[in-house]
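These notes concern the structure reproduced below.
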Amino acid sequence: MNPELQGRVFPPTAPYLVGREKVREFARAVFSTSPLNFDVEAATAAGYNDVVAPPTFAVVVQESTLAQLLSEPDAGIDFTRVVHGDQRFSYTRPIVAGDELTATLTVASVKSLGGHSMVTAESSIVDSTGAHVVTATSTLVVRGDE
Amino acid sequence: MTDLTVGDIIAEKTYHLTRDSLVRYAGASGDFNAIHYRDDIAQGVGLPGVLAHGMLTMGVAVQPVVEWLGDRGSVVDYQVRFTRPVSVDATEGADITVVAKVGVVDDAGARIDLTVTFDGATVLGKSQVRVSLAGA
């Protein structure tokens, strides 16, 4: 992997509009039973504008930034050797339906470890006002030659 | 809420994943990597067979905490390390067990530590959920 990737900032992704039915679909897929994920009345009673997305929903928005990284021409990342090592979400506020979210990826670090490479990618996700919502951080391990 | 004690188990739950669960998660998340629904492709890259998406395991594992929280607070930080894959047999499926224990209590809320196991082994490491608690 190209060590000069470290510190690189990618262009912001196109805005992602969080749909109410998408939130419900994702919530069902992760076995959620929370009324906040499904029921608009329950969500508004709790102070939200619409249904609340599950904590890992941000990966849907983050995904397009990881695609940018993997397809970067000079990155030297062999997609078929990539393993997901770590994942983290740090929230300023929960994502709710109606949010229009934009993600910007920064390569936080590139390391080599015993023939493997590790890249840590931080995607900062903001709403249409530019206010921070969540940062999604992935560490990808690129396996070396066997 | 203020009577939380470090070491308390706040939730324990087992989830039964099937191939159907994986297809449903693929559609919901947009992760259509074929190793999550085709044995031949999974085996072609040296895996025993179809695996659950790591992000599905992560997403399911936090649900007992979300249920426990209700509308009293929210998840402000959630991290995991993927330490072992979850093989999902075509007929048997796979059972994932989550134990959620209080790790830290402070002014901001609490840190809940998850132990997530499949087939007797831990599949997520350093699995920690930071929650804010109203009135904490």
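Computed from a predicted structure; not experimentally measured. Note on naming: letters A, B, ... go to the chains in the order of the sequence lines (proteins, then strands), and numbering restarts at 1 for each one.
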Correct closest heavy-atom pair for Tyr25(B) and Ala29(A) would be CA-CB, 3.9 Å
Could you tell me which of Leu124(B), Val129(B), Val80(B) has the largest number of non-hydrogen atom pairs under 4.5 Å with chain A?
Val80(B)
Tell me, side chain or backbone of Phe57(A) under 4.5 Å from chain B's heavy atoms, or both, or neither?
neither
For chain A, which of Ser74(B), Ala26(B), Ser29(B), Pro64(B) has the most heavy-atom pairs under 4.5 Å?
Ser29(B)
Is Phe10(A) reachable from Val119(A) through a run of I, L, V, M, F, W or Y residues, each pair having side-chain heavy atoms under 4.5 Å apart?
yes
If one checks every heavy atom of Val66(B) against chain A at 4.5 Å, the contacting part turns out to be side chain
Mind running side chain to side chain contact (heavy atoms under 4.5 Å, CB included) on Met58(B) and Phe89(A) for me, showing each step along the way?
CA-CA 11 Å; Met58(B) 183 181 186; Phe89(A) 300 101; 3.7 Å; yes
Heavy-atom pair with the smallest gap, counting every atom of Leu36(A) and Gly70(B):
CD1-O, 3.7 Å
Tell me whether the rings of His84(A) and Phe82(B) are parallel (<30°), tilted (30 to 60°) or perpendicular (>60°).
tilted
Please rank Gln128(B), Arg24(B), Arg81(B), Arg130(B) by heavy-atom pairs under 4.5 Å with chain A and give me the top one.
Arg81(B)
To the nearest 0.5 angstrom, please state how far the CD atom of Glu63(A) sits from the CE atom of Met55(B).
11.5 Å
Heavy-atom pairs under 4.5 Å with chain B: which of Ala46(A), Gly85(A), Ser34(A), Pro94(A) has the most?
Gly85(A)
